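One structure below.
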Amino acid sequence: NAEYGVDIWAVGMLVHEMMRGRTPFALFTDPRAVLEAIDTTGVPSIKKKRLSAPARAFVDACLQANPLQRPSAAALISHPWFESTPPDGSGIVELLREYRTPADPSVAPASTTGMGCIVQ
């Protein structure tokens, strides 16, 4: 249903940010520039090699430009990424902790005061 497409987009952006440790548009200071970037190039895919293909597919499905091409909430609940996660959510929490401590020192962690999220 297209009327819920914005909610699915929001889920995709939230998961995308959680997986990367920062918003994909952290370098932008003007919200209009963010909207223009989304309109012209879309949201960058998550390319971390350690991130599973089902996790990347989940985010990519949520961030389809056309709301009619985004999955429904019911379809997302049965997505393979959720199917492979323990019911208590512990797998997702551990994955997020792993990504919040980057091995590469050139990757700046998200700020607690700026854009980005921190999972502890």
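Remember, it's a predicted structure, so these values are computed and weren't measured experimentally.
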What closest approach, in Å, do [X] and [Y] show between heavy atoms, and which atom pair accounts for it?
| X | Y | value |
| --- | --- | --- |
| Ile8 | Ala73 | CD1-N, 3.9 Å |
| Gly5 | Pro67 | CA-CB, 4.3 Å |
| Leu76 | Pro71 | CD2-CG, 3.4 Å |
| Asp60 | Gln64 | O-NE2, 3.2 Å |
| Phe25 | Gly42 | CZ-O, 3.9 Å |

If I take atom [atom1] from residue [X] and atom [atom2] from residue [Y], how far apart are they, to the nearest 0.5 angstrom?
| X | Y | atom1 | atom2 | result |
| --- | --- | --- | --- | --- |
| Leu27 | Arg22 | CG | CZ | 7.5 Å |
| Asp7 | Ser72 | CG | OG | 12.0 Å |
| Met13 | Thr23 | CE | OG1 | 4.5 Å |

Does Ala65 offer a backbone N or O that forms a donor-acceptor pair with the side chain of Arg70 under 3.5 Å?
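Yes; judged by distance alone, with no hydrogens or angles, the pair exists.
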Any side-chain heavy atom of Leu35 sitting closer than 4.5 Å to one from Asp39?
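They are not in contact (no side-chain heavy atoms under 4.5 Å apart), so the answer is no.
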Aromatic rings His79 and Phe58: how do their planes relate, parallel, tilted or perpendicular, breaks at 30° and 60°?
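Aromatic pair His79/Phe58 classed perpendicular.
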Output, in order, the C-alpha distance, side-chain angles, deciding distance and verdict of side-chain contact (heavy atoms from CB on, under 4.5 Å) for Ser52 and Trp81.
CA-CA 8 Å; Ser52 71; Trp81 186 43; 4.1 Å; yes
